[in-house]
Amino acid sequence: MGHLDGRVAIITGAGRGIGREHALLFASEGAKVVVNDLGSARSSGGDDAVGEVVSEVRALGAEAVANYDDVADWEGGKRLVQTALDAFGDLHVLVNNAGILRDRYLVNMTEQEWDEVVQVHLKGHFAPLRHAAAYWRDQVKAGRPVSASVINTSSTSGLFGNPGQANYGAAKAGIGALTVIAAAELARYGVRVNGIAPAARTRLTEATPGLGEIVAAPDDPARFDEWDPANVAPVVAWLASEACSVTGRMLYVFGGTIAPMSGWTRALGISRPERWTISDIQTELKPLL
């Protein structure tokens, strides 16, 4: 018996890296998987990474279908959800993982670099989530029980900040807020929403200045590979399982480390029963900051 037996899961950005590892582990745990990735579209003439992952899943004895829709496109997100329903008749899990990088310092960043990253990450989370949520709401209204899970992918670049990634960090911070809000809104429909902030070796991290050598696989095969993207998948699989009751949380995942993340908190401040003057603010607030 697998931890995800009978669960139908959509995994975006699953042609390579972290998403591929999600798809393979989900399949080995009994899930039926929709493997989505725009970057390996058949029309591009490049390698069909999605098709390869689908073949790997089927080799495990599990069921899988390919989807090449753009998750940042409204209709693409709708077609993605419909792919799961047409192939497997239901949907239980949505893993939003697709993303790109266009790193550049703020003073040199172009409008296109900003728009592309925010579009793929933030809208690319919202569009599939919106259409999946509408399906689950309709199921509840029709009197059918729902036990669904959404796992979003944020980043420490958004939660802590990283110079050179204003576009990526802003989008990932937005995903953190989206996760908390969606968890509160969708609980009534039997949907849990959580997020992860993973650290792993992918094409994105290998392309990040200063990270290439750090994330490289160890020379000694006996040594634990902390940066192996497969380390992230068990956490996501647990969040996707019906055994998990957690919602509205963000988890940092790196190697063998799993740690809950805390968002903005209000610290000690200053207060008075009248309007502040600028001079008094300078005197009393500055020491707190």
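Values in this document were obtained by computation on a predicted structure and should not be read as measured data.
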Flag the pair [X] / [Y] as yes when at least one side-chain heavy-atom distance between them is below 4.5 Å, and no otherwise.
X      : Y      : answer
Ile11  : Val35  : no
Phe224 : Glu226 : yes
Arg7   : Asp90  : no
Lys32  : Phe26  : no
Leu60  : Glu56  : no
Ile100 : Glu116 : yes
His131 : Trp74  : yes
Asn194 : Val246 : yes

Distance from [X] atom [atom1] to [Y] atom [atom2], nearest 0.5 Å?
X      : Y      : atom1 : atom2 : result
Asn167 : Gln165 : CG    : CD    : 7.5 Å
Glu29  : Leu4   : CD    : CG    : 6.0 Å
Thr153 : Asn96  : OG1   : CG    : 7.0 Å
Thr179 : Ile196 : OG1   : CD1   : 10.0 Å
Asp103 : Asn108 : CG    : CG    : 12.5 Å
Glu113 : Arg104 : CD    : CZ    : 4.0 Å

Exercise for the section: Would you sort out whether Val232 and Glu21 count as a side-chain contact (heavy atoms from CB on, under 4.5 Å), showing the intermediate values? Expected result: CA-CA 8 Å; Val232 181; Glu21 299 298 339; over 6 Å; no
Taking side-chain hydrogen bond (donor to acceptor under 3.5 Å, both in side chains) as the cut-off, I'd like each qualifying pair that reaches into [range], sequence neighbours left out, listed once.
range            : answer
residues 246-255 : none
residues 76-85   : Asn67-Thr83, Asp69-Arg79, Gln82-Asp86
residues 254-271 : none

Which heavy atom in [X] sits nearest to a heavy atom in [Y], and how many Å separate them?
X      : Y      : value
Ser154 : Gly176 : OG-N, 4.4 Å
Val180 : Gly248 : CG2-O, 4.3 Å
Ala173 : Gly158 : CB-O, 3.6 Å
Glu284 : Leu288 : O-CG, 4.1 Å
Val57  : Ala23  : CG2-O, 4.0 Å
Lys172 : Ser155 : CG-CB, 3.7 Å

Using 4.0 Å as the upper bound for N to carboxylate O, is an ion pair formed by [Y] and [X]?
X      : Y      : value
Arg201 : Asp225 : yes
Asp280 : Arg272 : yes
Glu52  : Arg20  : no

Between [X] and [Y] (side chain of the first, backbone of the second, donor and acceptor by atom type, cut-off under 3.5 Å), is there such a pair?
X      : Y      : value
Gln119 : Ala72  : yes
Arg192 : Leu239 : yes
Gln139 : Arg144 : no
Glu185 : Ala182 : no
His3   : Ala240 : no
Ser149 : Val93  : no
Asp37  : Gly15  : yes

Practice task
List for me each residue that meets side chain to side chain contact (heavy atoms under 4.5 Å, CB included) alongside Tyr105, sequence neighbours excluded, and say none if there are none.
Solution key: Pro163
Is there a path of hydrophobic side-chain contacts, each under 4.5 Å between heavy atoms of I/L/V/M/F/W/Y residues, joining [Y] to [X]?
X      : Y      : result
Val236 : Trp238 : yes
Val118 : Met109 : yes
Leu122 : Val95  : no

Problem - Parallel, tilted or perpendicular: ring planes of His121 versus Tyr168, cut at 30 and 60 degrees - result: perpendicular
Fill in the blank from the handout: For Leu91, the other hydrophobic cluster members (4.5 Å side-chain criterion, sorted by chain and number) are Val8, Ile10, Val34, Val65, Val71, Leu80, Val81, Leu85, Phe88, Leu94, Leu129, Tyr135, Trp136, Val140, Val146, Val150, Leu178, Leu186, Tyr189, Val191, Val193
Handout entry: side chain to side chain donor-acceptor pair (under 3.5 Å) partners of Asn97, counting only residues at least two apart
Key = none
Problem - Test log, rule side chain to side chain donor-acceptor pair (under 3.5 Å), inputs Gln112 and Asp115 - result: CA-CA 5 Å; Gln112 181 178 356; Asp115 288 346; over 6 Å; no
Practice task
Could you walk me through whether Ile270 and Trp276 pass side-chain contact (heavy atoms from CB on, under 4.5 Å), step by step?
Solution key: CA-CA 10 Å; Ile270 55 176; Trp276 284 91; 3.5 Å; yes
Exercise for the section: Begin with the C-alpha distance, continue with both residues' side-chain angles, and end with the deciding distance and a verdict on side-chain contact (heavy atoms from CB on, under 4.5 Å) for Asp48 and Tyr68. Expected result: CA-CA 10 Å; Asp48 183 9; Tyr68 299 85; 2.7 Å; yes
